[in-house]
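Read the structure below first, then the notes.
Whatever order the structure lists ligands and atoms in, that order sets their numbers, starting from 1. Any value given below was found using the heavy atoms of this structure, including those in side chains, with hydrogens, waters and symmetry copies removed.
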Amino acid sequence: MYAGGGNLIVLLGPPGAGKGTQAVRLSATLGIPAISTGEMLRRECESGSVLGKVVQDVLNSGQLVSDDLMNRVIASRLRECDCENGCILDGYPRTVSQARFLDRLLKEANLPRPIVFDFQVETDEVVERLNMRGRTDDKPRTIRERLKVYRQNASKLVRYYSGKQYYRIRAGGTPEEVSGTLLRILSCQPALRSRTAVPSYSVQTA
Ligand code: AMP
């Protein structure tokens, strides 16, 4: 179970913003797991289970899987021992209801709030990246739907997290540039600095 050492990091942003890439890079640097809810769902689909078949239909439609299911998936994943020193959540929470659930989960365990990075990228660039990726839910119609669903929830999530260790990140640069920005901010988080080998940077606030 996530035990409060290190930090729980949340990556917000539209599909195609580079959250997955950054989650993997941060995971390697910080030595904590990257957890992609989308990836977990895709694995369930590949398993051919009854649940997987239901989930596949939702993924193909570009809509979100139910909060209830996602909350249960995350609560159980955070209990695994590799999360003890923190983890990076890529794709969760996606709704205010999920964000509230996560906060409640942490509060009940007497743990600090997550650090939230919100990836900002131009829509044209996002669409271009998604078109290149070629996943089954990256077809033009599904992409449009996923972006619409993202926008429906994004502003409410931003309002929910504003003022609570919430950082807007310009994510249009190279993976190295974006990682540099994330690590500069993280290096100022006392819990994380004390447990990992993150070099100490000074943060420039725009
Ligand atoms: P992603 O790989 O993060 O782009 O997620 C792919 C798809 O999985 C999304 O379009 C949703 O259908 C579903 N999904 C992933 N994470 C969540 C979540 N936190 N809540 C609801 N649905 C999710």
Verify salt bridge (charged side-chain N to carboxylate O under 4.0 Å, His left out) between Asp57 and Lys53, making sure each step is shown before the conclusion. CA-CA 7 Å; Asp57 287 341; Lys53 291 202 172 81; over 6 Å; no

So the atoms of ligand 1 within less than 4.0 Å of a heavy atom of Tyr92 turn out to be 19 (N)

Is there a donor-acceptor contact under 3.5 Å linking the side chains of Glu145 and Ser61? no

Heavy-atom proximity to atom 8 (O) of ligand 1, picking from Asp138, Val65, Leu41, points to Leu41

| message | Would Thr37 count as being in polar contact with ligand 1, using the rule that some N or O on each side must be under 3.5 angstrom apart? | response | yes

Of Met70, Arg133, Arg135, Arg146, the residue with the heavy atom nearest atom 10 (O) of ligand 1 is Arg146

Review point. Is there a side-chain contact between Pro114 and Leu89 (heavy atoms, below 4.5 Å)?
Key: no

- request: Decide whether Asp103 and Tyr160 meet the rule of one side-chain donor and one side-chain acceptor closer than 3.5 Å.
  value: yes

Heavy-atom proximity to atom 3 (O) of ligand 1, picking from Lys19, Arg94, Gln56, points to Arg94

d(Lys156 NZ, Ser97 OG) to nearest 0.5 Å is 11.0 Å

Nearest non-hydrogen contact to atom 20 (N) of ligand 1 from the set Arg42, Gln98, Gln63 belongs to Gln98

* Asked: Do Leu183 and Leu26 come close enough that some side-chain heavy atom pair is under 4.5 Å?
  -> yes

Under 3.5 Å, N or O to N or O, is Gly62 touching ligand 1 that way?
no

